[in-house]
Protein chains: 2
Amino acid sequence: MFAGLAEEQLVGIDRRMTSLSWAEGDALHVEGTPAEHLYLVATGRAKAYRTAPNGQEVVVELLGPGDLFGGLRTLGQEAYAETVEALTTVCALRIGDDAFRQILGEHPEVGLRVLEDTTALLAQARSDVTRQSTATVAERLAAVLLRLAEKFGEPAREGGTLIELPLSRADLAGMTGSTPESVSRVMSRWRKDGVIDAGRRWTAVREPRRLAEIAAAEA
Amino acid sequence: MFAGLAEEQLVGIDRRMTSLSWAEGDALHVEGTPAEHLYLVATGRAKAYRTAPNGQEVVVELLGPGDLFGGLRTLGQEAYAETVEALTTVCALRIGDDAFRQILGEHPEVGLRVLEDTTALLAQARSDVTRQSTATVAERLAAVLLRLAEKFGEPAREGGTLIELPLSRADLAGMTGSTPESVSRVMSRWRKDGVIDAGRRWTAVREPRRLAEIAAAEA
DNA sequence: CGAAATCTTGACATGAGTCAAACAGCGTGG
DNA sequence: CCACGCTGTTTGACTCATGTCAAGATTTCG
């Protein structure tokens with residue numbers, strides 16, 4: 001995010017940010033609360049979700065180091081639109097309205113970077129809308145797992161990619177716009193077929209290509 | 001978008017943009033083409049849609065005067081993610097990569113404005129994801145009609161709000177992630193109940209409150 | 001080791017997609 | 001100016017994916 005800035009500039013920026021940390025399960029900020037801070041994840045994982053009128057939680061983003069989230073009155077956000085909850089221990093930097101504007105004034109490149117990030121998120125969200133509207137649960141789940149593997153995965157010793165995240169069936173249901181039961185069914189089938197493997201706090205993709213085929217609705 | 005700038009600054013900006021126009025049905029830019037321009041709608045209406053793997057068109061945004069769209073390599077967009085098609089005769093200003101950066105350099109406020117817009121679109125898209133995942137077709141359609149009335153509606157002489165847009169059942173299906181048949185069924189019912197009224201090239205919301213109740217899933 | 005939470009699996013209900021046929025606007029050409 | 005045909009809409013009958021409810025298995029943690 002701040003790549004390409006000199007050491008002393010970074011120190012200047014750092015002084016204006018507050019470093020905070022949360023434990024697994026804590027909420028970093030809550031949907032509907034007045035939006036006053038931007039956050040930059042330093043370490044750990046978190047999920048951002050919205051609560052639908054019917055009470056279901058829909059996960060709109062998974063956050064890791066380097067990700068920006070939160071909201072500012074300045075940017076037309078009256079209140080936080082999502083609740084962000086720590087999935088592991090999380091450290092993040094918090095920045096206020098005025099400090100953000102200052103930094104943007106001093107370092108225009110940073111503004112462009114933020115715009116770039118936001119644009120990418122928009123593209124992501126729209127692709128989610130499209131998939132949600134046209135794909136089946138299995139296709140959506142395959143796409144989600146591939147994305148997770150891409151962003152959070154590490155090579156597993158048994159082969160394939162390991163996603164070490166404490167995601168419950170309910171979380172996965174929230175990401176696919178489905179239910180824990182449906183997710184469980186689909187994953188059981190895949191496990192039987194050897195496409196994936198999963199425990200309580202992790203998931204492994206054994207055959208990415210099969211998953212990709214499923215996600216592309218070629219089956 | 002450029003509110004608050006002096007006359008001569010506007011002239012300077014204007015010189016770097018190309019003014020273009022399209023007829024109803026024309027594509028302003030096509031999904032998958034290299035992204036090289038940003039556009040600002042001057043007059044007319046257009047729809048932005050993505051084509052799902054199964055061939056269905058999902059409308060992700062309706063554009064009117066003042067709306068920004070398109071994409072730039074600079075912002076991390078390799079290719080346009082959507083096709084934008086004119087719903088009426090459309091005039092828009094086109095701006096290239098370098099010019100955009102120049103303007104941002106000269107007028108930082110504009111950058112903030114763009115970021116603000118993008119943030120709003122992101123919030124919109126995420127709210128769409130949430131609704132898509134949890135609401136029924138009727139609820140989604142009600143929400144879409146209310147949004148259209150809000151953005152494009154004008155008071156109708158018969159009472160209620162008139163949306164003068166050439167939207168086919170297929171377009172509405174694209175916006176609700178559904179099918180023309182389902183949309184037709186729901187709208188027939190509402191017409192019978194006097195909640196809305198519709199012809200080929202227009203739709204009128206007669207009882208916004210009933211629609212709002214439906215959208216909020218209170219029925 | 002036991003209770004609480006989570007996951008799995010089954011049986012069932014239903015919203016909404018698909019296919020198909022009848023219908024209505026609307027422009028075109030005789 | 002009217003009839004024809006094209007295109008989009010409406011309505012019906014049927015099917016299927018997926019949500020719901022419920023019971024049993026498994027894991028976690030106090």
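None of the values given here were measured: they were computed from a predicted structure. Just so we're on the same page: letters track the sequence lines, and every chain starts at 1.
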K.L.:
Which whole-number value in Å describes the distance from B:Q132 CD to D:dT18 C1'?
P.N.:
15 Å

K.L.:
The side chain of B:E181 is closest to which nucleotide in this list: C:dG10, D:dT27, C:dT18?
P.N.:
C:dT18

K.L.:
Run the salt-bridge test on B:D67 and B:R45 with the 4.0 Å N-O cut-off and return the result as yes or no.
P.N.:
no

K.L.:
How close or far is atom P of C:dA16 from atom CG of B:L141, stated in whole angstroms?
P.N.:
11 Å

K.L.:
Contact class for A:G199 (heavy atom, under 4.0 Å): base, sugar-phosphate, or nothing?
P.N.:
nothing

K.L.:
Closer than 4.0 Å, any side-chain N/O of A:T179 to the OP1 or OP2 of D:dG19?
P.N.:
yes

K.L.:
Taking 4.0 angstrom as the limit, do A:E164 and A:R200 come out as a salt bridge?
P.N.:
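No.
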
K.L.:
Would you say D:dG19 has OP1 or OP2 under 4.0 Å from some side-chain N or O of A:S178?
P.N.:
yes

K.L.:
Want to settle it: does A:S133 or A:S188 sit nearer the 5' end of DNA chain C, counting the closest nucleotide to each?
P.N.:
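This one resolves to A:S188.
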
K.L.:
Side chain of A:R185, heavy atoms from C-beta onward: which of C:dG10, C:dC7, D:dG8 has the nearest atom to it?
P.N.:
C:dG10

K.L.:
Quickly work out the A:R189 CZ to D:dA17 P distance and round it to whole Å.
P.N.:
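For the pair A:R189 CZ and D:dA17 P, the rounded distance is 10 Å.
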
K.L.:
For D:dT18 and A:S182 - does any side-chain N or O of the residue sit under 4.0 Å from the phosphate oxygens OP1/OP2?
P.N.:
no

K.L.:
Which part of the nucleic acid does A:R169 contact within heavy-atom distance under 4.0 Å: base, sugar-phosphate only, or nothing?
P.N.:
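Sugar-phosphate contact only.
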
K.L.:
Give the nucleotide from the list D:dT10, D:dT26, C:dA16 with an atom nearest to the side chain of B:V137.
P.N.:
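Output: C:dA16.
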
K.L.:
Considering only NZ, NE, NH1 and NH2 on the basic side and carboxylate oxygens on the acidic side, decide whether A:E61 and A:K47 come within less than 4.0 Å.
P.N.:
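No, A:E61 and A:K47 are not salt-bridged.
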
K.L.:
Report the distance from atom CE of B:M187 to atom C1' of D:dG8, rounded to the nearest whole Å.
P.N.:
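The distance from CE of B:M187 to C1' of D:dG8 comes to 14 Å, rounded to the nearest Å.
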
K.L.:
Can you tell me how far C1' of C:dG17 sits from CZ of B:R140, to the nearest Å?
P.N.:
12 Å

K.L.:
D:dG8 P sits how many Å from B:L167 CG, rounded?
P.N.:
14 Å

K.L.:
Answer yes or no: is there an ion pair linking B:E116 with A:R73, defined by an N-O contact shorter than 4.0 Å?
P.N.:
no

K.L.:
Please state how far atom CD in A:Q56 lies from atom P in D:dT18, giving the value in whole angstrom units.
P.N.:
14 Å

K.L.:
I want to check one thing: is the phosphate of D:dT10, taken as OP1 and OP2, less than 4.0 Å away from some side-chain N or O of B:R191?
P.N.:
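Indeed, a polar side-chain atom of B:R191 lies that close.
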
K.L.:
So which nucleotide from D:dT18, D:dT28, D:dT9 ends up closest to the side chain of A:T136?
P.N.:
D:dT18

K.L.:
Decide, yes or no, whether a salt bridge links B:E139 with B:R131 under the criterion of side-chain N to carboxylate O below 4.0 Å.
P.N.:
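Looking at B:E139 and B:R131, the cut-off is not met.
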
K.L.:
Rounded to whole angstroms, how far apart are CG on A:N54 and P on D:dT20?
P.N.:
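Checked: the CG to P distance equals 8 Å.
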
